[in-house]
Amino acid sequence: MSDLQPREQWNTRLGFILAAMGSAVGLGNIWRFSYVTGENGGAAFLLVYLLCIVAIGIPILMAEFTIGRKAQSDAVGSFRKLAPGKPWVIAGILGVASAFIILSFYGVIAGWTLHYFTQYITGGLASEPAGGYGDYFGGFITSTFHPLFWQFLFMALTIAIVYGGVKKGIEKSNKILMPLLAVLVIILAGYSMTLGGASEALSFLFTPDWSALANPSVYLAALGQAFFSLSLGMGALITYGSYLSKEHRLPGAAVSVAGLDTLFAILAGLMIFPAVFAFGIDPSAGPGLVFITLPGIFDNIAGGQLFGLLFFFLLAAAALSSAVSLLEVAVAYFMRKFEWTRQKTALLIGGIIFLLGIPSSLGMGVLSNVTIIGGRDILDSADFLASNIFLPLGGLVIALFLGWGWKKADALQDSDFGDTTVGNAWVFVLRYFAPVAIFIIFLSSIGLF
C-alpha cells in the first residue's frame, strides 16, 4: 500500500480503544505480571509499577498516538514523513525489529496456552498427570514437534485476523475479545477470592513492604513491565494511532487504554494470588507459576477443570489480541514499503515470524545447550534483546523526538492538549524526566549501572 492510497480507518473510537487495549492486554498482564510481581515483593513493586505507568507510560503512549495520527503511516513511515532525512527513524526501525523478535517467541509461549486450553477441554488435565504438573510441562515444552504445532496454530489465528484488515479483522476481533476477557477475569478473580487466601493476597498486593524498595532491580522490573504491558516502543501504538481520524481526541483515549490495562493487570493478580496463598505456594514461583503451579491448584478446587479451561482460554485470547498488534506493525511497514496487498503481506510476514520462532521453541529441548546472551537460552535471549534493549531505546527516541524534534506548539496542537498546563507538563516529562529515567534503567538492565 503506497501513501497515495486511502488509509484504512477504525470504524469507531471505541473500536480503536479496544484494539489499543488488546495490544496492551496480553501475556504481559497475566503470565508476566503475576510472576514479576511475586519475584519483586508484591505491593512495593506494584506501587513503583503504577508510578512508572503514570509518569512515563502514559506520556509515551500519548506520544505514540500523536505521531501515528499526525503522520497517518506505519512506524517507520511516520518518522520518515514527520522528520525526513533525520535519524529519528531509528525508533520506527527498532519498533519493527521488536515486533519480529517479540512475536517470534511470544507465539511459542502462546502456543503453550492453546495446548493447555485444549487439554482442559478434552479432560487431559482433569487430574494430575503421572509425574506431576512440573514433569508434564517440562516434557511438553522440550519435545521437538508438539510445541511447534501449537505455535503454528496460534500464528495461523493471528495471521487470519490481520489478513481481514483493520475494521473487519483487528477491530472486530477486539470488540469480541476485550469484553469477553473483562468478564472472564472478573469471574475468575471473584471465585479465587473465595478459596481462603484472599486476606494474604490483598496484603501481598496492597500493603507495601517498604524495604523492598532498597533493591534496585524493583525499579528495573517495574519500568520493564510497564513498557511490555503497554506495548510501548514497539511501534504498535504508532501504527494503531495512524488508523485514527483527526476528529477523535487522543488524551482521553490514552488514559482509558493505560487505566484499563492496569486494572486488568491488578485483577489478574487478584485472580492468581488468592489461589496461590490458599494452597501455601510461594508467590515468587517464577514463570512456571501459570503452567505448573496453577494447574496443581485447579486440581484441588471444586470445579477446577472448568476454572482451568476458562483461565487458559483467557490467557490464549489475551495473547492473541497482543500478537495481532505485533504482526500489524510489521505488516503495515512492508505493505507501504513494497506496495504489497494486505493479504500477501500478512501471509508472508506471519510465515517468516513463525519460522523465526522455531529456534526459541527448540531451545527448550534439542537446542537447550545453545546460549546466546549472558548464558540465556534462545527464547530468553530474544526476550532480553527486545524487552531490555530495543523497547527502552525505542521509547527513549520517541520521547526525545516529541520533546525536542517536534516544534512544541505543533506537538501540543497535534496531541489535542493545546497550550494547557497538562500539555506543557506532558512535553516537560518527554523532554527531561522520561529520557533520564529510561536511560538510567536501560544502563542498569544491561549491567552498566
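What you see is a predicted model, and the numbers here were worked out from it, not measured in a lab. These values consider heavy atoms only, across backbone and side chains, with no hydrogens, waters or symmetry-generated copies.
The backbone N or O of E200 lies less than 3.5 Å from no partner atom in the side chain of S203, so there is not a single donor-acceptor pair. Remark: side-chain polar atoms of D383 are not paired, donor with acceptor, to backbone N or O of L379 under 3.5 angstrom. Between the R69 side chain and the H248 main chain, a donor and an acceptor come within less than 3.5 Å of each other. Checking side-chain atoms of Q9 against main-chain N and O of S245 turns up a donor-acceptor pair under 3.5 Å. Using modelled atom types, one side-chain atom of W10 and one backbone atom of Y240 make a donor-acceptor pair closer than 3.5 Å. The main-chain N or O of S23 is found under 3.5 Å from a side-chain atom of S231 such that the two form a donor-acceptor pair. E171 places a side-chain N or O within donor-acceptor distance of the main-chain N or O of T12, the cut-off being under 3.5 Å. In terms of modelled atom types and a separation under 3.5 Å, the side chain of N11 and the main chain of K167 share no donor-acceptor contact. S361 places no side-chain N or O within donor-acceptor distance of the main-chain N or O of I358, the cut-off being under 3.5 Å. In terms of modelled atom types and a separation under 3.5 Å, the side chain of Q305 and the main chain of L125 share no donor-acceptor contact.
Listed here is the closest heavy atom pair of L205 and T37: CD2-CG2, 4.1 Å. Minimum interatomic distance between S322 and V25 (heavy atoms only, all atoms of both residues): OG-O, 3.0 Å.
Contact annotation: the side chain of I398 approaches that of I238 to within less than 4.5 Å [non-hydrogen atoms, C-beta and beyond]. Residues V290 and Y35 are not in side-chain contact: their nearest non-hydrogen atoms beyond the backbone lie 4.5 Å or more apart. Using a 4.5 Å heavy-atom cutoff, the side chains of E64 and L61 are not in contact. With a 4.5 Å cut-off on side-chain heavy atoms, Y49 and I266 do not count as touching. Counting heavy atoms from C-beta on, the side chains of S78 and S73 come closer than 4.5 Å. Inter-residue side-chain proximity for R32 and S387 is flagged as met; some heavy-atom pair is nearer than 4.5 Å. A heavy-atom distance below 4.5 Å is not found between the side chains of F417 and N424. In this structure, the side chains of W150 and T118 come closer than 4.5 Å at one or more pairs of heavy atoms.
In summary, of the residues considered (F117, F311, W112), a ring pair (Phe, Tyr, Trp, His ring centres under 6.0 Å) with F291 occurs for W112 alone. Between T345 and the options Y333, Y163, F338, W340, a side-chain contact (heavy atoms from CB on, under 4.5 Å) holds for only W340.
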Check the pair L237 / L232 against side-chain contact (heavy atoms from CB on, under 4.5 Å), numbers first and verdict last.
CA-CA 7 Å; L237 302 177; L232 301 178; 4.0 Å; yes
Show your reasoning for whether side-chain contact (heavy atoms from CB on, under 4.5 Å) applies to F264 and L181.
CA-CA 9 Å; F264 196 98; L181 293 185; 3.9 Å; yes
For I161 and L157: C-alpha separation, side-chain torsions, deciding distance, then whether side-chain contact (heavy atoms from CB on, under 4.5 Å) applies.
CA-CA 7 Å; I161 292 173; L157 290 171; 5.7 Å; no
Before you tell me yes or no, could you show the steps for L270 and L202 under side-chain contact (heavy atoms from CB on, under 4.5 Å), namely the whole-Å CA-CA distance, both residues' side-chain angles and the distance that decides it to 0.1 Å?
CA-CA 8 Å; L270 293 175; L202 290 171; 3.7 Å; yes
Would you be so kind as to tabulate the donor-acceptor pairs closer than 3.5 Å made by side chains of residues 95-109, with sequence neighbours excluded?
residue : atom : partner : partner atom : Å
S98     : OG   : L94     : O            : 2.7
S104    : OG   : I101    : O            : 2.6
Y106    : OH   : L27     : N            : 2.9

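Few gaps surround CZ on F384; more than 12 heavy atoms of other groups in view lie less than 6.0 Å from it. Within a 6.0 Å sphere centred on NZ of K246, heavy atoms belonging to other residues, nucleotides or ligands number more than 12. Shown here is Y191, whose OH atom has more than 12 heavy atoms of other residues, nucleotides or ligands within 6.0 Å. Environment of NZ in K175: crowded, with over 12 heavy atoms of neighbouring residues, nucleotides or ligands closer than 6.0 Å. The number of heavy-atom neighbours closer than 6.0 Å to CZ of R431, taken from other residues, nucleotides and ligands shown, is above 12.
Annotation: side chain to side chain contact (heavy atoms under 4.5 Å, CB included) contacts of N40 (sequence neighbours excluded): V36, F45, S217, V218, A221.
Here the CD atom belonging to E8 is positioned 5.5 Å from the CE atom belonging to M335, to the nearest 0.5 angstrom. Considering CG of L184 and CG of L315, their distance stands at 11.5 Å, rounded to 0.5 Å. One finds the CD1 atom of I272 at 13.0 Å from the CD1 atom of I281 (value rounded to the nearest 0.5 Å). Note that SG of C52 and CD of Q225 are 10.5 Å apart. Values are rounded to the nearest 0.5 Å.
Look at R342 and E328 and you find a salt bridge, because one of the NZ, NE, NH1 or NH2 atoms lies within 4.0 Å of a carboxylate O, short of that distance.
Under the 6.0 Å cut-off for aromatic ring centres, F16 and F65 qualify, their centroids lying closer than that. Aromatic rings from F140 and H115 are positioned such that their centres are separated by under 6.0 Å.
Under the 30°/60° scheme for interplanar angles, the aromatic rings of Y120 and F298 are found to stand perpendicular.
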